[in-house]
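Accompanying notes for the structure given below.
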Amino acid sequence: MTEPVCVRFAPSPTGHMHIGSARTALYDYLLARKTGGRFILRIEDTDQKRLIPGAEQEIIDGLHWLGLDWDEGPDKGGPHGPYRQSLAKEIYLEHARQLIANDRAYPCFCTSERLAALRESQRQRKENPRYDGTCRNLPPSEAARRMAAGETHVIRFKTPKEGSTAAVDLLRGEIRVENGTLDDFILVKSDGLALYHLAAMVDDNRMGVTHVLRGAEWLSTLPLHALVVRAFGWREPVWCHLSVFLKPSGKGKMSKRDSAQTATEGHSIFIRDLREEGYLPEAIVNWIALMGASFDETEDVFSLEELVRRFDLKHLNPSPAAISYEKADHFNGTHIRLLSVEDLTALLKPVFEKAGYAADGERLRKVAAAVQVRIVTLDDAVAMGGFFFHDEVHPEAHDLVGKGLTTAQSADALRAARELLAAEPEFESAKDEAALRALAERLGYKPGVLFGMMRAAITGQTVSPPLFASMEIIGRKTYLARLEAAEELLRKMVG
RNA sequence: GCCCCCGUUGUCUAGCGGCCCAGGACGUGGCCCUCUCAAGGCCAAAACACGAGUUCGAAUCUCGUCGGGGGCACCA
């Protein structure tokens, strides 16, 4: 059995929570629960300019919706606070000072204008944009004097110029880079707030994080982070970089802009949209868990509990994965079918209400059962079963005309069916289906042709739950009325 | 441009030197079931990027090539 780990999910509240970060959080959760370890939620809000109001709450809501919970976080406290980086400014500053004292970092007084100009000229000379080291070798006394004088400055890491740095990624093995290609990256901004490179390392250490799960876009900065951790003399966490999610086309990383486009095309990468569209949290969990991983040779439908049982970082795949909405739909349909009718009924109630239908208990239960195997999202239930709650239905005239029949013949058939049903008490499919089939035969039509006309008349749709089950649900009075209305419509057309 | 990573069917993947003329799933096509649509069942097409090695033997190891992706901010 594995040792208990400590993991953290550390999103920055700068936008909607998407499936990429949801998957990172999921894996954090699975690893923590699997090993009996700790799962921390930490908000990385050091970039005050990019903050979006409400984003933090959306993250918390999204995680809860997915069924994930954590042991420590800004909302529930814990022994390692603060869990919001904007509140830990002093802590980072102290660590930065410590690095300066040890000659592993230095204050840099260059203005961002100068740096921008520097980058520009480097680009024109086709050189790699990099800090030129102007302040790197300032005499310590001068640096201290200028800092004390309150001169605006950032703090940079003193990256070694010789040799190479290697760090181990769990999924890929050793990642090694020449130190000469590394920059003297900034640790603390001129406003005194730390950047990710410092803040995350400090927090991971003070929170006792043993395993860092993060997106593969961090892979190229891994050596930097290893250097920072080592400069402090801390033990390194296990680094595990998760594969990036690619657009469905497989061309390029899923970005905010693309997501806006896919949203207009009916699919979104944002958790709250998926929720709004009628996706089940267990389906989304199942879907994202399997993007870039596999937990069984032949099975692929798993509950959260089952995922906890099976989870192992060894099952993760390092290569980029194109997201597939077809698969999301498949999992959603599968999980809807896995629901008990009671649970589906409860889930469908607000969906019908949102569509303007007052869906009552027993009737809704029957509708849920009728609709269960033929919806992909909860919202589909409205299109499939809305007619159960309408007062009237408005079928297309041409759908009321049986295949190969004239309008008059169709009206006659509808009347015959209505009269047959009117002679009976409440509809019983076992008995009345046979009668209707006999009627079709007597009329010389295939049963399906008659049923098709009746379906259009009663449901107003060409696609619906089974006709007879629908009739039982909707009731004698209603189906007789709709049959009659349909017949009238056809008579009017005949003239 | 520089640095890093990845490379099994259209897509997500299993595979970690012989069990593989490559398994599962989505999607696609066909059949069955059937009052429509689904669901379900059965079947089919579909892949080891390429080239050199290493080895008795390679999808599995090495190198190169070619593809793809990521990163190069006082963002995370």
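Note that the structure is predicted; figures quoted are calculated from it, not measured.
Counting distance only, with no hydrogens placed and no angle test, the side-chain atoms of A:Asn128 and the base atoms of B:G1 include a donor-acceptor pair under 3.5 Å.
A:Thr46 comes within 4.0 angstrom of sugar-phosphate atoms only, judged by non-hydrogen atoms across all strands, and of no base. Residue contacts for A:Glu297: at a heavy-atom cut-off of 4.0 Å it reaches a base atom on one of the strands shown.
Across all strands shown, B:U65 forms a Watson-Crick or G-U wobble pair with B:A49, both key distances being under 3.5 Å. Pair assignment for B:A14 gives none, since no Watson-Crick or G-U wobble pairing has each distance under 3.5 Å. In this entry B:C2 has B:G71 as its Watson-Crick or G-U wobble partner, both defining distances falling under 3.5 Å. With a cut-off of 3.5 Å on both pairing distances, the Watson-Crick or G-U wobble partner of B:G29 is B:C43. B:U34 is unpaired under the criterion used here, namely a Watson-Crick or G-U wobble arrangement in which both key atom distances are under 3.5 Å. Nucleotide B:U55: unpaired (no Watson-Crick or G-U wobble partner with both distances less than 3.5 Å).
Identified under the salt bridge (Lys or Arg N to Asp or Glu O under 4.0 Å) test for residues 109-124 of chain A, with sequence neighbours left out: A:Arg114-A:Asp132, A:Glu120-A:Arg123.
OP1 or OP2 of B:C75 has at least one side-chain nitrogen or oxygen of A:Lys189 nearer than 4.0 Å. For A:Lys49, a side-chain nitrogen or oxygen approaches OP1 or OP2 of B:C75 to under 4.0 Å.
Judged by distance alone, the side chains of A:Asn332 and A:Thr377 never bring a donor and an acceptor atom under 3.5 Å apart.
Heavy-atom nearest nucleotides on RNA chain B were determined for A:Arg50 and for A:Thr462, and the one closer to the 5' end corresponds to A:Thr462.
The cationic group of A:Arg156 lies under 6.0 Å from the six-membered ring centre of A:Tyr131 and within 45° of the ring axis, placing it in a cation-pi geometry.
The aromatic rings of A:Tyr279 and A:His267 sit tilted, their planes meeting at an angle between 30° and 60°.
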